[in-house]
Amino acid sequence: MEWPVRPAEEYLAHLAEGRFMVQRCRDSGDLFFHPRVAAPATGSTNLEWVELSGRGTVYSTTVVRQKPPAQDYNVALIDLEEGPRMMARVDGVPPEDVAIGMAVRARIVTENDQPLVIFRPA
């Protein structure tokens with residue numbers, strides 16, 4: 001028996017194609033992230049995938065300190081222009097220079113043979 005594509009796998013497939021997509025509930029119009037089988041607010045399974053602009057704003061950030069020689073990095077919550085909030089890394093600046101309110105732009109990269117979304121200052 002073949003199982004249908006799971007939302008997380010479909011999300012990764014979109015990223016592998018170079019498309020930053022999230023789900024939208026067709027009933028409420030709400031966009032949300034992380035991929036799931038039902039909308040978080042309504043439980044509706046009437047969902048579709050929509051492509052995002054990639055623009056966002058840093059909502060919060062923290063620096064994760066590493067033992068040398070590993071490099072420190074940041075973990076940030078990003079408010080996407082279209083509404084959802086997601087956790088990601090902001091690259092392109094030192095981790096301590098990532099600031100709340102900073103405008104950022106999504107970029108799809110591949111790490112450990114898997115696509116993921118990171119952000120860079122806009």
Side-chain angles (χ1 to χ4, degrees):
M1 177 176 178
E2 188 173 323
W3 293 97
V5 175
R6 293 186 174 100
E9 292 169 354
E10 195 167 348
Y11 169 73
L12 292 174
H14 289 302
L15 289 182
E17 295 170 353
R19 300 174 69 201
F20 183 22
M21 309 279 283
V22 298
Q23 291 171 296
R24 175 172 48 204
C25 176
R26 287 185 181 114
D27 298 331
S28 68
D30 292 340
L31 293 162
F32 54 90
F33 184 83
H34 249 20
R36 54 194 85 192
V37 296
T42 64
S44 172
T45 57
N46 187 16
L47 310 177
E48 64 183 339
W49 288 94
V50 295
E51 192 161 9
L52 299 181
S53 68
R55 292 184 295 272
T57 305
V58 175
Y59 175 79
S60 70
T61 183
T62 190
V63 176
V64 178
R65 304 285 180 195
Q66 300 285 297
K67 183 176 178 182
Q71 298 291 315
D72 294 345
Y73 63 94
N74 71 76
V75 175
L77 287 176
I78 308 295
D79 283 340
L80 300 171
E81 183 176 79
E82 293 83 0
R85 180 177 288 161
M86 70 181 291
M87 187 179 294
R89 209 173 64 222
V90 177
D91 287 353
V93 294
E96 51 277 337
D97 290 350
V98 177
I100 293 170
M102 176 185 278
V104 291
R105 179 89 180 182
R107 190 168 154 227
I108 300 169
V109 299
T110 301
E111 290 184 4
N112 301 318
D113 297 322
Q114 190 163 35
L116 71 129
V117 175
I118 61 153
F119 288 84
R120 296 184 66 84

Grab the two heavy atoms, one from Leu15 and one from Leu116, that are nearest each other, plus how far apart they are.
CD1-CA, 4.0 Å
Locate the shortest heavy-atom distance separating Leu31 from Val50; write the atom from each residue and the value.
CD2-CG2, 3.1 Å
Glu17 atom CD: more than 12 heavy-atom contacts under 6.0 Å:
yes
Identify the heavy atoms of Val117 and Ala88 that sit nearest to each other, and give their distance.
O-CB, 3.9 Å
Search all heavy atoms of Pro115 against all heavy atoms of Ala16 and return the closest pair with its distance.
CG-N, 3.8 Å
Applying side chain to side chain contact (heavy atoms under 4.5 Å, CB included) between Ile118 and each of Ile78, Ile108, Asp91, report the one that passes.
Asp91
Arg105 vs Glu81, test: salt bridge (charged side-chain N to carboxylate O under 4.0 Å, His left out). Steps then yes/no.
CA-CA 10 Å; Arg105 179 89 180 182; Glu81 183 176 79; over 6 Å; no
State yes or no: do Val64 and Met87 share one hydrophobic cluster built from I, L, V, M, F, W and Y residues joined by side-chain heavy-atom distances below 4.5 Å, directly or via other members?
yes
So among His14, Arg24, Arg19, which one has a side chain to side chain contact (heavy atoms under 4.5 Å, CB included) with Trp49?
His14
What are the two closest heavy atoms between Val63 and Asp72, and how far apart are they?
CG1-CB, 4.2 Å
Any non-hydrogen side-chain atom of Pro7 less than 4.5 Å from a side-chain atom of Gln23?
yes
When rounded to the nearest 0.5 angstrom, what is the spacing between CZ in Arg55 and CG in Asp79?
14.5 Å
OG1 (Thr42) and CZ (Phe32) are apart, to the nearest 0.5 Å, by 8.0 Å
Going by heavy atoms in the side chains, are Val90 and Thr61 under 4.5 Å from each other?
no
Measure the CZ-CD distance between Arg65 and Glu96 for me, rounded to the nearest 0.5 Å.
5.5 Å
If hydrophobic clusters are built by linking Ile, Leu, Val, Met, Phe, Trp and Tyr wherever their side-chain heavy atoms come under 4.5 Å apart, do Met102 and Leu77 end up in the same one?
no
To the closest 0.5 Å, what do you measure between CZ (Arg89) and CZ (Arg120)?
10.5 Å
Are Tyr59 and Val98 connected in a single hydrophobic cluster, I mean Ile/Leu/Val/Met/Phe/Trp/Tyr linked by side-chain heavy atoms less than 4.5 Å apart?
no
Parallel under 30°, tilted from 30 to 60°, perpendicular over 60°: which one fits the rings of Phe119 and Phe20?
perpendicular
Mind listing the closest non-hydrogen atom pair of Phe33 and Met86 along with its distance?
CD2-CB, 3.6 Å
